[in-house]
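Below you'll find the structure, written out as structure tokens, and then a few comments.
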Amino acid sequence: MLKINSSFNLKIICNFFLIINFALTIGFLNSSWLGLLAWMILFLCIYSGSISLNKKSWILVTFITVFSLSIKSYIKTPYILEGSNVFIGGNFENSIFKNKIPPIVFEHLNDDFIKKFPKNISAPAPYLFDKGVSQIINKSHESRYVKEIKWDNRYSFQQAAFNNTKYNAYGDQQPKRELLPFFVKYTFPNDFKNSDSKLCWKGQAYIKIETYKSLNHLKKKCIFIDDFYREDKNNFSIWLIETGITPKLSVAFYPQKEIIFKNFFKQLLQFILASIMCFIIYSKFRKFKLLFFLLSFTFSFSIMYIYQPSILEKFLLFEGGNDGLLYVHFAHLISDSLANGNYIEAFRGGENAYDLMPFYRYIWVINYILFDESPWMLFFIITFLPLVLFSIFKNFLGKPWAMFIIFCWFLFPVFESFGFFHFYYVKLLMRGFAEPLSNLLFLSSIAMIASIHKFKASNIKLENIFFFFLGVILSLSLGLRANILPAFLIFILFIFIFLMKEKNYKGFILFGLGLTPCLIMPIHNYYFTKKIIPLTIAAYKDWNLGAKPIDYVMLIISLLKLNPDIFLWKKIVSHVSGEIKMYEIWYHLAIISNVYIALNKKSDKIIRLISWAALSMLFMILFYHLGGRYSYLNWTLSLIVFLYWIKNNLFPFMKRLKTNHAS
């Protein structure tokens, strides 16, 4: 008798409803460590727990959200206005810094800049203050509004302009982005005018009393700001600068105890209520999944810190010349456009025709809306990657094999030549590349497709909404890494044929709707260039091509004429042998096993699908340079099939040989 998985729709709706309530409770632009911990608790519950469909529980969740919003609107604390930017000096007559920054502050910045960076190649920004990403929600006429001030160095200050491509410098060019001079202006409203509020800093500052007074603290010292309020404006302003010659800045503000308590109470309350919400809705936690999630997060956090210690400052300075810097640069352009209400420019995303992978810049904007400049989404991506891989291997090879393979993924790099090593993905993620997220989503689609096969074997019919989400995930993976197109096409063809054979026309339509995000790329490219570019222009660049398709055509023609073109032959052989070397026997064995499984009708259908997807991506090696991070996904797919072949074909064959030999 056919069983229907009728709760799937309801579970999807409930999970989305909970995430919305959770986000409202924990708050947007929440860059705190408590905020990260709360989100990790949510994902831990989703992964390892069972969701409740009890109406009383959901009423309680709604009440918690309303209560949280009410408390946050009732317990109000004043904002501090922050204006900041990178400073580029020199002989620029129309410099906005020269015209807008107080003369004594500008002269100090400019004199030090000329001394420190005689080989400067950059020009000053056309605006006084860099626009913070928080302005998407909280508008400001300077950079942003902040509730607290506590930063010990330039990274914990989280200045977005440090990741602006206009300040890139190479070789002996100056200034390097890690040394960029910057200034910060804080304006404190009358709410902080009392005898307890004190501002502490190390470094160079300027305060206006009657004229601007220089206060250079070689060690962190404090002032009571009540003594410096200007009666004519009823506020207190201070300029702080770091020039490369002045001491490195470190700043902290301690308002009256009532405000400190309120700010702390609100943060703690948000965390407690959001966590309670999770444990109300999720229960019956599976111990293995619980421990596995915690292991993945803890191990990933440790490796991320070892690779890039500034993650503890909640900021990453992306290296010049790499995709990561461009992604966050474009994301800040999008954020600025959203803050200005210019949605067409936001959609443009920094490029008229996509060259860099399209979707990752927009994903970063979502991160900014949720977490401000803190790169918390990276923790989610790297934590879930081994969880999805384990699910796939467990499905096809069983739990013992899956556990051994994941052990190798984390600690023992026996498969590292296949790009199958956790540290490699941590490194890619911390350098800002889109491959980890794209690969995570594509591998998630494999796990979902495997569940179709599993449910069908158990005579359970999946609800049609499942295919919509499958389409969305595949679309996002393509938009994050366009070179997966061959595998993407094989997967969607398989799903469409499967749905037609099942006569599931609603599922067919919903799967098609799920794929519509793919249309963003050609629509964007045509809107801004009036040219038909399906994905990105990167595919058409000669430097990405080791051998062009026409080279193969001309070589075949020359062979048919019995006059082989030696130049083309050497070019093609040189390219292919550069991608897969003769001595790399493990790759050759993987390819042979994939071909065998793809043609063997007795093999598992989904494994055959994966083998065809892997071979389709390996086929691109004939034309493109696909080494390193570009090849991680296709070699991982090949590895899945290779290990399946070892367990289900090679080992039984060897066992039969041994049995025959013994007899």
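Values reported hereafter were calculated over all heavy atoms of this structure, with side chains retained and with hydrogens, waters and symmetry mates removed.
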Answer yes if the side chains of Thr383 and Ser300 hold a donor-acceptor pair under 3.5 Å, and no otherwise. no

Would Tyr527 and Asn525 count as having a side-chain donor-acceptor pair, cut-off 3.5 Å? no

Tyr170 atom OH: more than 12 heavy-atom contacts under 6.0 Å: yes

Taking atom types as modelled, find out whether Thr77 and Lys147 have a side-chain donor-acceptor pair closer than 3.5 angstrom. yes

Lys166, NZ atom: more than 12 neighbouring heavy atoms under 6.0 Å: yes

From CA spacing to verdict: salt bridge (charged side-chain N to carboxylate O under 4.0 Å, His left out), Asp323, Arg629: CA-CA 12 Å; Asp323 294 1; Arg629 61 189 172 92; 3.4 Å; yes

For a side chain to side chain contact (heavy atoms under 4.5 Å, CB included) check, start with the C-alpha distance between Glu148 and Gln267, then their side-chain angles and the critical distance, and finish with the verdict. CA-CA 12 Å; Glu148 299 173 339; Gln267 286 189 14; 3.7 Å; yes

Over 60° means perpendicular and under 30° means parallel, so tell me whether Phe192 and Phe188 are parallel, tilted or perpendicular. perpendicular

How about Tyr360 and Tyr327: are their ring centres within less than 6.0 Å of each other? yes

Over 12 non-hydrogen atoms of neighbours within 6.0 angstrom of NZ in Lys176: yes

Could you go step by step and tell me if Ile381 and Phe384 meet the side chain to side chain contact (heavy atoms under 4.5 Å, CB included) rule? CA-CA 6 Å; Ile381 296 168; Phe384 271 102; over 6 Å; no

4.5 Å side-chain heavy-atom contact, Cys200 and Phe253: no

Return yes if some donor-acceptor pair links the side-chain N/O of Ser374 with the main-chain N/O of Ser31 below 3.5 Å, else return no. yes

Please check if any side-chain donor atom of Asn110 sits under 3.5 Å from a side-chain acceptor atom of Glu107, or the reverse. no

Ring centroid separation for Tyr425 and Tyr632, is it under 6.0 angstrom? yes

Under-4.0 Å salt bridge between Lys185 and Glu82: no

Between Thr187 and Ser237, is the side chain to side chain donor-acceptor pair (under 3.5 Å) condition met? List the steps. CA-CA 4 Å; Thr187 303; Ser237 294; 3.2 Å; yes

Between Glu373 and Lys314, is the closest basic N to carboxylate O distance under 4.0 Å? no

With no hydrogens and no angle check, do the side chains of Asn30 and Ser32 hold a donor and an acceptor under 3.5 Å apart? yes

In terms of side-chain heavy atoms, does Asn168 have a donor or acceptor partner in Arg177 at a distance below 3.5 Å? yes

Least distance between heavy atoms, Glu242 atom then Thr246 atom: CA-OG1, 3.4 Å

Going by the angle between their ring planes, with limits at 30° and 60°, are Phe297 and Phe301 parallel, tilted or perpendicular? perpendicular

Under a plain distance cut-off of 3.5 Å, with no hydrogens placed, do Ser197 and Gln256 share a side-chain donor-acceptor pair? yes

For the residue pair Ser68 and Gln270, confirm or rule out a side-chain donor-acceptor distance under 3.5 Å. no

Modelled atom types, side-chain donor and acceptor of Thr65 and Asn21, under 3.5 Å: yes

Would you call the rings of Phe236 and Tyr229 parallel, tilted or perpendicular, where under 30° means parallel and over 60° means perpendicular? tilted

For Phe92, does the CZ atom sit with more than 12 other heavy atoms under 6.0 Å from it, leaving out its own atoms? yes

Assert yes or no for the condition that the ring centre distance of Trp33 to Trp376 is strictly below 6.0 Å. yes

Distance-only donor-acceptor check, side chains Glu313 and Asn153, under 3.5 Å: yes

Side-chain contact test, heavy atoms from C-beta onward, threshold under 4.5 Å: evaluate it for Cys518 versus Phe488 and give yes or no. yes

Polar contact flag, side-chain donor to acceptor under 3.5 angstrom, Thr243-Asp112: yes

Hey, is Lys257 close enough to Asp196 for a salt bridge, meaning N to O under 4.0 Å? no

side-chain contact (heavy atoms from CB on, under 4.5 Å) with Phe28: of Ile136, Asp372, Ile137, only one passes, and it is Ile137

Could you tell me whether Asp336 and Lys131 have a side-chain N and a carboxylate O separated by less than 4.0 Å? no

Flag for Ser84-Gln159: side-chain donor and acceptor within less than 3.5 Å: yes

Side-chain heavy-atom pair Ser140, Leu81 within 4.5 angstrom cut-off: yes

Using 30° and 60° as the class boundaries, would you call the ring planes of His524 and Phe528 parallel, tilted or perpendicular? tilted

Angle between ring planes, Tyr362 versus Tyr354, binned at 30° and 60°: parallel, tilted or perpendicular? perpendicular

Side chains of Lys202 and Leu249: does their closest heavy-atom pair fall under 4.5 Å? no

Between Phe380 and Phe371, is the gap from one ring center to the other below 6.0 Å? yes

Ile149/Trp151 under side chain to side chain contact (heavy atoms under 4.5 Å, CB included): CA gap, chis, key distance, verdict: CA-CA 7 Å; Ile149 302 172; Trp151 47 278; 3.8 Å; yes

Phe379 and Trp39 aromatic centres sub-6.0 Å: no

Residue among Leu325, Leu326, Leu316 satisfying side-chain contact (heavy atoms from CB on, under 4.5 Å) with Asn163: Leu325

Heavy-atom count around Ile209 CD1 within 6.0 Å, excluding the residue itself: above 12? yes

Take Leu480 and Ile363 through the side chain to side chain contact (heavy atoms under 4.5 Å, CB included) test and state the conclusion after the steps. CA-CA 9 Å; Leu480 288 162; Ile363 300 291; 4.2 Å; yes

Above 12 or not: heavy atoms from other molecules or residues under 6.0 Å from CG of Asn99? yes

Can you classify the ring geometry of His332 versus Tyr368 as parallel (below 30°), tilted (30 to 60°) or perpendicular (above 60°)? parallel

Does the gap between the ring centers of Phe182 and Phe157 come in under 6.0 Å? yes

Do Ile121 and Gln174 have side chains that approach each other closer than 4.5 Å (heavy atoms only, starting at C-beta)? no

Whether Phe183 and Trp239 hold their rings parallel, tilted or perpendicular, with breakpoints at 30° and 60°: tilted

Please check if atom OH in Tyr127 has more than 12 non-hydrogen atoms from other residues, nucleotides or ligands closer than 6.0 Å. yes

